[in-house]
Number of protein chains: 2
Amino acid sequence: MAAPAGAPALHVTDATPRSQVTPIRDCGTHCQTCSLRKLCLPVAFTSDELKQFDTLVVHRTKLRRYQSLYHTGESFHALYAIRFGSLKTVLLAEDGREQVMGYHMLGEIIGFDGIGSDRHCVGAIALESSELCALPFKSIENLAQVIPALQRNLHQMMGTQITRDQSAMLMLGSMHAEERLALFLLNLADRYRHRGYSSTEYELRMSRAEIGSHLGLTLETVSRIFNRFHREGLMHVQGRAVKLLDTVALKRIVVNRDSNPL
Amino acid sequence: MAAPAGAPALHVTDATPRSQVTPIRDCGTHCQTCSLRKLCLPVAFTSDELKQFDTLVVHRTKLRRYQSLYHTGESFHALYAIRFGSLKTVLLAEDGREQVMGYHMLGEIIGFDGIGSDRHCVGAIALESSELCALPFKSIENLAQVIPALQRNLHQMMGTQITRDQSAMLMLGSMHAEERLALFLLNLADRYRHRGYSSTEYELRMSRAEIGSHLGLTLETVSRIFNRFHREGLMHVQGRAVKLLDTVALKRIVVNRDSNPL
DNA sequence: CGACTAGTTGAGGCCAGTCAATGTTGGTGG
DNA sequence: CCACCAACATTGACTGGCCTCAACTAGTCG
């Protein structure tokens with residue numbers, strides 16, 4: 001992919017409206033009863049620890065489509081757990097270059113990009129109506145001092161983020177357009193399955209341009225290859241609705257035939 | 001870049017010899033007196049905390065060129081501080097695809113790739129004779145429970161790794177070959193300067209193929225562009241010895257002219 | 001010396017980017 | 001309901017940057 005010259009509309013403007021904050025008191029949900037707990041907190045907590053953790057969540061945030069949770073350069077103070085909806089994180093460089101770093105769905109935690117420098121190095125933007133729990137990072141750190149399981153969990157999540165980013169580097173550095181898109185589709189499928197949704201039939205929450213930005217491709221290439229997959233019977237595409245028909249073949253595309261001669 | 005078909009020799013074989021371990025008792029150095037302390041532990045410790053931290057370093061490891069510190073898939077148990085020398089981390093996928101994830105020099109800490117899954121997802125290989133301090137991660141976590149400054153430091157370093165990986169994604173996803181190489185050279189320059197070495201004149205520790213693998217380019221492209229830079233008077237290249245002559249122009253290449261019309 | 005590795009250079013081809021025209025969809029207001 | 005519009009998506013023609021293949025040079029080591 002080349003210089004983004006005309007800069008596709010990825011909705012990363014500083015004019016993006018700020019988010020609404022709802023004090024915790026107003027909503028009846030707590031970590032103890034939250035259906036996403038297994039995703040947010042995979043490590044086993046005692047019920048007492050869980051109660052303590054619950055006190056971290058000082059407010060919830062509601063976002064409408066294209067609203068920003070935080071902007072590039074903004075000072076960092078919290079991680080966010082996605083209760084429902086989905087977001088993208090976008091790296092916006094000084095020279096105007098921008099790229100989608102990741103897509104995030106319910107049960108995932110975002111905001112790790114701010115830990116290194118106390119400022120967010122990417123922006124987070126809702127792709128649809130979403131709701132998040134804010135977890136002040138200072139409080140997490142304090143609580144992690146006394147709850148080893150929380151410390152473990154935090155490190156695990158940061159480590160997973162590192163692993164994920166490095167896989168993305170492999171994708172961007174050494175895969176063909178077809179391979180990237182097959183991987184992208186399978187990756188989403190996995191995450192939907194893990195959440196109990198259909199892994200073969202789902203709705204893309206992002207435009208072709210946004211997919212391209214994430215994969216280092218142009219929107220035209222994304223469109224062309226989706227339709228090639230469609231023609232070849234690997235999937236069905238109709239706008240943003242996709243249905244994977246031959247995941248085995250898609251997987252075979254990802255681990256491409258010619259590279260592994262055995 | 002395409003499928004690595006013939007697989008360039010990046011020395012990522014399982015036959016790579018294992019590292020030598022020297023018990024701490026044998027070497028007279030301690031964190032308190034280590035010249036790299038400012039790089040390893042940027043956060044202010046009390047001398048008592050430092051003494052406690054020192055007990056973490058249970059052994060040192062010496063590596064010769066192309067020796068592995070750890071392999072992909074190996075179980076994770078320690079971070080490593082580089083005392084001298086340099087290493088590369090290489091992601092090796094199941095399908096044989098491989099890519100250099102990063103180059104690491106003295107004063108840097110590596111091994112974060114193993115935290116997410118308790119196994120290393122990349123391999124670490126010495127580019128020259130190197131020496132490292134092993135810091136068992138369990139011990140770090142334990143000590144971080146009682147020394148908040150250490151906890152801060154650990155989180156900061158993991159966060160920095162995340163930020164760095166995301167910058168690499170931007171590079172791989174949206175930069176031209178010339179831009180990637182200019183950025184690579186300037187990046188090394190910065191790191192050398194930060195360590196008190198010349199930032200304009202240094203020796204590359206890796207081959208053209210390894211540089212290419214890191215930047216998502218072929219070795220031929222790397223060679224061609226180095227020589228183009230040379231011809232244009234931006235730098236001097238002679239094998240692995242480089243001398244940056246016009247860093248301003250190199251920086252201008254990175255923040256490329258046509259993308260930012262103002 | 002020959003074998004081997006690292007690097008350079010050239011010719012040619014292809015994948016994906018660019019530009020541009022057209023189609024599709026969903027929302028709004030008459 | 002339809003007309004209209006804007007945003008999104010598709011498709012085609014063309015181009016060019018980088019990959020591929022291959023030949024050659026220089027340096028190193030047994």
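A, B, ... follow the sequence lines: proteins, then strands. Residue 1 opens every chain. Note that these values count all heavy atoms, side chains included, but never hydrogens, waters or copies made by symmetry. Because the structure is a prediction, the values reported are computed rather than measured.
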Student: Specify the residue among B:S223 and A:T221 whose closest nucleotide of DNA chain C lies further upstream toward the 5′ end.
Tutor: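 Its nearest nucleotide being more 5', the pick is B:S223.
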Student: Which word best sums up how the rings of A:H236 and A:H230 line up, parallel for under 30°, tilted for 30 to 60°, or perpendicular for over 60°?
Tutor: tilted
Student: Can you check the B:E210 CD to C:dT5 C1' distance for me, whole Å?
Tutor: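 Taking atom C1' of C:dT5 as the reference, CD of B:E210 is at 13 Å.
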Student: B:L219 CG to D:dA22 P: how many Å, rounded?
Tutor: 15 Å
Student: Ignoring hydrogens and angles, answer whether the base of C:dT18 and the side-chain atoms of A:R224 contain a donor-acceptor pair closer than 3.5 Å.
Tutor: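 Pair found.
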Student: Distance only, no hydrogens: is a donor on one side chain within 3.5 Å (strictly under) of an acceptor on the other, for A:T89 and A:H104?
Tutor: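 Present: a donor and an acceptor within the cut-off.
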Student: Please give, in whole Å, the distance from C:dG7 C1' to B:H230 NE2?
Tutor: 14 Å
Student: Please check if any side-chain donor atom of B:E128 sits under 3.5 Å from a side-chain acceptor atom of B:S86, or the reverse.
Tutor: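 Per modelled atom types, B:E128 and B:S86 side chains form a pair under 3.5 Å.
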Student: Where each residue is assigned the nucleotide of DNA chain C containing its nearest heavy atom, which of A:I225 and A:Q238 is assigned the position nearer the 5′ end?
Tutor: A:I225
Student: Would you say the side chains of A:Y70 and A:D113 form a donor-acceptor pair under 3.5 Å?
Tutor: yes
Student: Return a table of donor-acceptor pairs under 3.5 angstrom between the side chains of residues 219-227 of chain B and protein atoms on other chains or two or more places apart.
Tutor:
residue, atom, partner, partner atom, Å
B:T221, OG1, B:T218, OG1, 3.0
B:N227, ND2, B:S223, O, 2.8

Student: For the side chain of A:S207, counting heavy atoms from C-beta on, which of D:dC18, D:dT20, D:dA9 is nearest?
Tutor: D:dA9
Student: In whole Å, what is the span from the CG atom of A:L204 to the P atom of D:dT10?
Tutor: 10 Å
Student: Could you check how far CZ of A:F226 sits from C1' of D:dC8, rounded to whole Å?
Tutor: 14 Å
Student: In whole angstrom, give the distance that lies between atom CG of A:N227 and atom P of C:dG23.
Tutor: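 To the nearest whole Å, that distance equals 16 Å.
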Student: Would you say C:dG7 has OP1 or OP2 under 4.0 Å from some side-chain N or O of B:R240?
Tutor: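 Looking at the OP1 and OP2 atoms of C:dG7, one of them is under 4.0 Å from a side-chain N or O of B:R240.
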Student: Could you state the atom-to-atom distance from CZ of A:R228 to C1' of D:dG12 in whole Å?
Tutor: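 It is 14 Å, rounded to the nearest whole Å.
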Student: When the distance from CD of A:E178 to C1' of C:dC14 is rounded to whole Å, what number comes out?
Tutor: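 From A:E178 CD to C:dC14 C1': 14 Å.
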Student: Do any side-chain nitrogens or oxygens of A:H176 fall under 4.0 Å of OP1 or OP2 in C:dC15?
Tutor: no
Student: Kindly point out which of D:dC18, C:dA16, C:dA20 is positioned nearest to the side chain of A:E220?
Tutor: C:dA20
